[in-house]
Structures are given as structure tokens and as C-alpha cells.
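Following: one structure in C-alpha cells, then a few remarks.
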Number of protein chains: 4
Amino acid sequence: MAAANSRRVPRAERERQMLDAAVAVFARRGYRAASMDEIAEAAGVSKPLVYLYLNSKDELFSACIRREAAALTAAVRDAVEEGATPERQLWSGLLGFFEHAAVHPDGWTLLYSQARTVGEPFAAEVAVLRAEIVAFVAALIAAACGSRDVEAYAHALVGAAESLAGWAAAAPAPAPTGKELAASLMTFAWSGLSRALPAPDPEAAGGSSAAEG
Amino acid sequence: MAAANSRRVPRAERERQMLDAAVAVFARRGYRAASMDEIAEAAGVSKPLVYLYLNSKDELFSACIRREAAALTAAVRDAVEEGATPERQLWSGLLGFFEHAAVHPDGWTLLYSQARTVGEPFAAEVAVLRAEIVAFVAALIAAACGSRDVEAYAHALVGAAESLAGWAAAAPAPAPTGKELAASLMTFAWSGLSRALPAPDPEAAGGSSAAEG
Amino acid sequence: MAAANSRRVPRAERERQMLDAAVAVFARRGYRAASMDEIAEAAGVSKPLVYLYLNSKDELFSACIRREAAALTAAVRDAVEEGATPERQLWSGLLGFFEHAAVHPDGWTLLYSQARTVGEPFAAEVAVLRAEIVAFVAALIAAACGSRDVEAYAHALVGAAESLAGWAAAAPAPAPTGKELAASLMTFAWSGLSRALPAPDPEAAGGSSAAEG
Amino acid sequence: MAAANSRRVPRAERERQMLDAAVAVFARRGYRAASMDEIAEAAGVSKPLVYLYLNSKDELFSACIRREAAALTAAVRDAVEEGATPERQLWSGLLGFFEHAAVHPDGWTLLYSQARTVGEPFAAEVAVLRAEIVAFVAALIAAACGSRDVEAYAHALVGAAESLAGWAAAAPAPAPTGKELAASLMTFAWSGLSRALPAPDPEAAGGSSAAEG
DNA sequence: GATGAATGAGAATTCATTCAT
DNA sequence: TATGAATGAATTCTCATTCAT
């Protein structure tokens, strides 16, 4: 985890190193269990330097969240094909999301697992990020099918995506690719399980009918 | 949360009180941030008694997880209508899940948010619980539609359910009922968004086709 | 400085021991330079116990100030002969003050030297104590001679007393006794320097006569 | 306090700037609580420069004390009217003291409050200064009235002066002037409180008359 | 069955001080 | 002359854990 680093590094570079190390440590240990000692060591610098540049554990964690959140949203935004059909936008957005999560597992863990569990200042920041994503997805869904209940569907879709990302991250050797995950999720979300295969008459035994019951 | 409880309570009862308090505190604070002091005070007993009965913070947390996991799986198992169609089983299982999560928000938070973020001994326990649920769901899906890719669908479905439960827990005053959540998710998962409403020709623009691209 | 102490001491007793140690250390080192480690060691206990009972360095210091201030004012109050002439009251009050300062040099140092130099919360507490003493002295002066400018005189007298106390504390072996100090100050303050000598019969007037009482 | 000062300043000037800043910061915070960072910033230079010129925190503090002590003694010495009567000399010295203290509150605070509380190397330096002043005052008193007990009187007088200076420094808006303080103290010390009022003609004797002279 | 008294180990944070340039 | 980069050594405070009763 430590770092091979030379002395006398310019500040911007050092800050990046520190954030890299901090994201990794926070992701692995969680906010409370991560120690500034471990982060400093992972960054290959002394603890006082971390404080000199990033002020406190709180601010450091916050900076990590903001950086990773920005990176994630940028990845998704860049991936979305503007002007395409909503379905296609959703597909490309999911692809961007899965690929980013696969390439930055620590950032993903930080946002998904750790930041939500650390009571206030931080949970709020992540909640905002998540709310933005849900809103974006909800808009796409609404554009695509005008459904009511859009919010619930959006939450379901986002949760499904997160779950798949986590599954892929923990999966053994030949982990599903981003494309495979996106494809599964699009099938799942767009056509439904009843379509996913043979069942000829999904409506007959369907959830809605059950719901009516 | 604290309690003025009478002295000389039988051991089983005392343990229950302690676990109740611990689940509440762990859910609110997370494993690391929760202190044995706070738990003991919330339970209305002295700290040494907590140690006498539950040995250590680790074991206490572990006991909390096991109790809540057992309660959740029991709730789901009891809710499932055996012998019904897979769809119907899935529906009833989801309903049981949402209702249990709504009634036991602390237990739900403990399992969903906290236990996953606390490195090893515990994450494994929760992973097992989750794997069981996913396997159960996967079996239902396979029974219903024989789909390949069943595992991905199951993870997606479980993640969607968790996300909806979290959304409902955080929602303002008239939170969605378990029935509503289950209905939304069944529609979403079974029929797909393309069916969710008007779109006349879901297949034409479908996710699978996009996936092929 | 350390303490021979037995384990398992009741709380009230332990707190007293800790305050004794803290007063000594704060007096010798000053607030900032005193370390909780040193205080704990001087009290013969572990640091956590100090925190358990007294919460923080701030509160500990504050408790020291309050205790010593209360002791000092009680000593002076008890020494003042109520109902006597203002001069005699002043004399007896000064005597009480000097004797208390001589017997409790650490408490005296704490109040006089240390507490004043520590920025806010504490300086205010000591300022209040001092203001009370000045007001008391001012009242005596006013009663005795109805002078205007009473406030300035009172400040001068109190400052003179403090200075003498400090001098006596630092003086070599046969330090002036409280009685001697009080006599000097009474002469000084009551009759003035112009009287201090030219007066052929110093014994006749001022402090010494009072001292005989 | 901070300063935007130009680069390439000659050494003597820079040292003065640093001492100015250091006196201000030490006076406000005390020795321990003052940080070299704050001092450097207040001086408008980088920390290494402070070390280059003044070597260490200890030496810096010591330099501050010596400079302010020299300034104070110079102010008093210059104010004393040599050749005049002892009473008149005392009066003019007090006046010089009060006026200097009023004009240099930071220096005064440094010497009076802070330096005494910082245990050894420094307390000694200040003690020397104080001893010199006391000796000077004692000589005047002895010259004026030949009193025995001169040392106690001198300590009392010096303490009274310090107390009045501190009172004036903390006093609200129309703080007593140096002249008023000196007059009060001369009256107090020379004629005594017993004279302060009953005396039908206070003006005749004591400080004010001296002041007029 | 229950607790008041006590602590070892470790966490965040700050500070005086020094290189390398 | 002057500084940006960097750190060893404290210091305050917290916590899980254990005795002795």
C-alpha cells in the first residue's frame, strides 16, 4: 500500500497522492476505522503533511467523496449519448457507470458503502449525488414511457445497478464486463423478467394482478 | 432509548434488552462509532454486565447481526406462499421483506448499511445472508422463466428491493406501504419498463437489441 | 510530587487528590505547559481516570480555580472581624489573606499568576473574584474615610497586597510572616509613606497598633 | 497585525518587524499558546526566516522580553527628574511608568502577565527587571524617609502601580490617564488612606500638588 | 445478578524545527 | 535574503476491557 515517492514533490501532486491513498484506505476500512497514520503511510508521507494540506480527517474524507463523486458523475455524463432515444441514453449511461465502477472500485466502494453509513455531514453529500442520479434516471424513464410511479422505478433501477456493480466487484476471476452488466440490467429493466424468456403469458400470473389481490 | 429497568432481571430478558439497545445504537452510529458505554446506558445496565453476557464488542455486534438476519429471513420465509406459482411466491416474499424492513428499520439498517462496511468477520456473515436470499430469488426466477443469466437478474432484483426499502425508510410522511413497494417492484421486474406503460412496441427499441450493438 | 495511593479509592476522595495534584502542576507550569500526563502521574492515577472524573483539561483547570478561589475568599471572609472598625476589618482581612497565601502557595499562584494569563473562559472567572475583593476593599475604604477615588485606592491596595504576597512567597528562608506583611501594608496604606518615618513614633499609629490587637 | 511587506528588507528592519509581531502575539496568547506560525504570519515573513534571524522560540521570547524591559526602564529613567526631591522623583518615575504602559500595552502585558508565568529561563529575567525597579523605588523611599522596612514598602508600591496599570488597561472608554493614576498612587502611598479624606486639604499634599509642580 | 473503580492502547491534531533551493 | 516542503515528538482525549466487591 505504501508508496515509492520522491521527496520535494509539488503540492498539487502530493495532494493527489494523499487523496489516492485516502480513498483506498477509507474504502477498505470505513471512515472510523481508517487511521490518519495508515493513510499517511499509504501516501508515503508523514502525518503532519496530510494535516498541512487537508486540515482534518473530516475534510480529507469530504475531499475524497467530492472527488470520487465528481469522477463518477463525469463518467456517466460523458458516456450518455445525448440526443439518442431515452432507452439508448439509459443504456449508455449504465455502461458508463459499470465501467467506471469496475475501473475505480475504491471510489465506488467509498460512495456506495462507506459514505452512506457515516452520519451527517457526509451522508448528505452522497445522498445529493444519489438523488441527482435517481432524478436523471427518472427523467429518462418518464421520457421513455411516461409511466407514473417513475420515482419508484428509478430507485429500483439505480439500486439494481448498484447491486450488480457490487456483485461484479466481488465476483471471481472472469467478472462480468460492464457491457454484460448493462445488457442484463437493460433487459431486466426494460423488458422485464416475464420477457426475459419463454413465459408466454406473464400478465396472467403477474405482479400487478397479485398486487390487486 | 434508555431505560429505567428493574434490577434482578432474568438473563434471557436482559440479553434481549441489550441486543435491542445494541441494534439501535449500532444502526444509528455504525460499528466503530458506537461505544459500549452508550449501548450499556441505552440498555439501562452497567457495562460490566454487557461484557458478562456478551463478552466483547465483536461478539455483541455479531449477535445483533445474527438475530436480525434470522428475523429477516424468517419474515421472508413465513411470507412466501409455498406451492404457489413462482411469481406469486416472489410477490409474497417481497411483500414480507418490505413489511419487515418497515417495521424493523434498525435491524434493516444494521444489515444493509452497517454490517457490509465493517471489514471482515461481519461482512462475511452478511454476505452469506445476502447470498442465500439471492439464491432463493434466483431459483424462483429460474423456475418462472428458465432464463439464463439468472444470477444477474437475481442480484438486480435484490438490489432493487433494497434500494426501494431504503427509499421508503427515508421518505417523508406518507411513506409507501410494503404493498405499494412490492407492487412497483413486481411490475418493474416482471413486465419491464417498456410495459410499464403505453409504449406500444417495447421490443423494437429494447435493451437487448442495444446490448447487441 | 507523585502520590502514595491505594487502589479503589472512593470517588470524592480521588477527585480531591486529582485537584490537589492539578493545582500544584498548573501553578508550577501554567495552563498550557501543564500536561494531563503529569497531572495524572502527580495524582497517582491513570489519565483516563482524570478524564472520567473531570472531563477535560479546561474543566479541570476551571475546577481548580473555583476551588482555590472559594478557599481564598472563605479564608478572608472568616478572618474579617465583623462589626469592628473599617480599619480593623481591613487589617484582619489582610492578615487572613496573607496567611492563606502563605499556607496555600500553589492556590495563590494559580489565581494570581496563572489564571489571569490564560485567555477567556478562565480569566473571566478570576477577574470576577478579583473584582469582588476590590469591591470589598473599596467599601471598607469608603466606610473609613469616605474618599472619592475609592476605586483607584482599592486597586492599589489589592495590588500592593498581591505583590507583598508574591514577594514573601519567593523570599529566602525567614520569610516575612503574615502578620508582618499585614502590618507593613497597613502602615503603608493607612498612614502613608510620608508618615512612615518622619513620624517619630510609628508604633503609635497604623498597622502595628492594629497588629498588636 | 499581519503585514504585506516588501521583499529584501535589511536585516535590522526585519528583526524589528519580527519582534513587533512576536510581542503582540506573545502578549495576546502567552508563551506556550503562541505559535511560530502565527508570529511569522503576523510579521509578514516565512517561518524559516524567523528561525534564521532569531534561532528559536525561546530566544525570540527572550529577545522580546529584553527589548520591552529595556524600553520600560528607559522610559522610567528618562522620566525621573534627577536632582529633585525623592518625592518628586517618585512622582515623575510613576508618571513615566504609567504613560509607557499605556502607550505600549503589549510590552507591558508581556512583562507583567506573561513572562512571570513561564517558568525558568524567562521568569528569572523578568524577576531581575522587577528587582531593579523595586531597588530603585526602595532607594527613593529610603532617601525620603529613611524608613526601615523599606523593602516591603517598595514591593507594595510597585505592586500597587502594576495593579493600577492593569486596571487602567482594562478600564472602559475614558481610561484614567497616566497623570491621574500617578496622582492617585502618590496620594495613596505618600499620605496614606487615613489622610486621603479626613484631611481637610488633600490638595496641599501628595500627588496632585506634585503634579502641578 | 450487578456495579463502581480503574487502565492500556491508540486516535486525531498541533508544533517547533529543519532541508533543499 | 528568503521560502515551499517536510517531519519527530508531544498532547489531548476516547474506548474496549477488567477487577474487586
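Residue numbering restarts at 1 for every chain, and letters A, B, ... go by the order of the sequence lines.
Rounding to whole angstrom units, CG of residue D/L60 and P of E/dC15 are separated by 16 Å. Atom CG in A/D58 sits roughly 14 Å away from atom C1' in E/dA11 (whole-Å rounding). Going from atom CD of B/E41 over to atom C1' of F/dC15 covers 15 Å, rounded to whole Å. Atom CG in C/N55 sits roughly 15 Å away from atom P in F/dT12 (whole-Å rounding). Atom CD in B/E15 sits roughly 11 Å away from atom P in E/dA2 (whole-Å rounding). Put simply, CZ on B/F26 is 13 Å from P on F/dC15, counting in whole angstrom units. As rounded to whole Å, 16 Å separates atom P of E/dA12 from atom CG of A/L49. Rounded to whole angstrom, the span from the CG atom of D/L54 across to the P atom of F/dT1 amounts to 13 Å.
You'll find a donor-acceptor pair under 3.5 Å spanning the side chain of A/K47 and the base of E/dT13, going by distance alone.
For D/R32, no side-chain nitrogen or oxygen approaches OP1 or OP2 of E/dC15 to under 4.0 Å. Between D/R14 and F/dA2 there is a side-chain polar atom (N or O) within less than 4.0 angstrom of OP1 or OP2.
Taking every side-chain heavy atom of C/R8 into account, F/dC19 is the closest of F/dT12, F/dC15, F/dC19. Which of E/dA2, E/dT13, F/dA6 sits closest to the side chain of A/K57 comes down to E/dT13. You'll find that the side chain of D/V9 is closest to F/dA2, out of E/dA6, F/dT7, F/dA2. Checked against F/dG4, F/dA2, E/dA16, the side chain of D/Y51 finds its nearest nucleotide in E/dA16. Of the candidate nucleotides F/dT14, E/dT3, F/dA6, F/dA6 has the atom nearest to the side chain of A/Y53. You'll find that the side chain of D/L52 is closest to F/dA2, out of E/dT3, F/dA2, E/dA12.
As the counterpart of E/dT3, F/dA20 is assigned, both hydrogen-bonding distances of the Watson-Crick or G-U wobble pattern falling under 3.5 Å. For F/dC15, the paired nucleotide is E/dG8, the pair qualifying as Watson-Crick or G-U wobble because both relevant distances are below 3.5 Å.
D/R11 comes within 4.0 angstrom of nothing in the nucleic acid, heavy atoms only. When heavy atoms are screened at a 4.0 angstrom cut-off, A/A33 is found touching no nucleic acid atom at all.
Between A/F26 and A/F61, the ring planes are perpendicular. Angles over 60° get that label, and only those under 30° would be called parallel.
A salt bridge does not link A/R116 with A/E125: every distance from a Lys NZ or Arg NE/NH1/NH2 to an Asp or Glu carboxylate oxygen is 4.0 Å or more.
In terms of position on DNA chain F, the residue among B/D37 and A/P10 whose nearest nucleotide sits closer to the 5' end is A/P10. Comparing A/P48 and B/P48 against DNA chain F, the residue whose closest nucleotide sits nearer the 5' end is A/P48.
Using a 4.5 Å cut-off on side-chain heavy atoms (C-beta onward), A/R67 and A/C64 make no contact. Taking 4.5 Å as the limit, every side-chain heavy atom of B/R66 sits out of range of all side-chain heavy atoms of B/L129.
Side-chain atoms of B/S62 never come within 3.5 Å of backbone atoms of B/D58 as a donor-acceptor pair (strictly under, hydrogens ignored). Side-chain atoms of C/K47 do not come within 3.5 Å of backbone N or O of C/E41 as any donor-acceptor pair.
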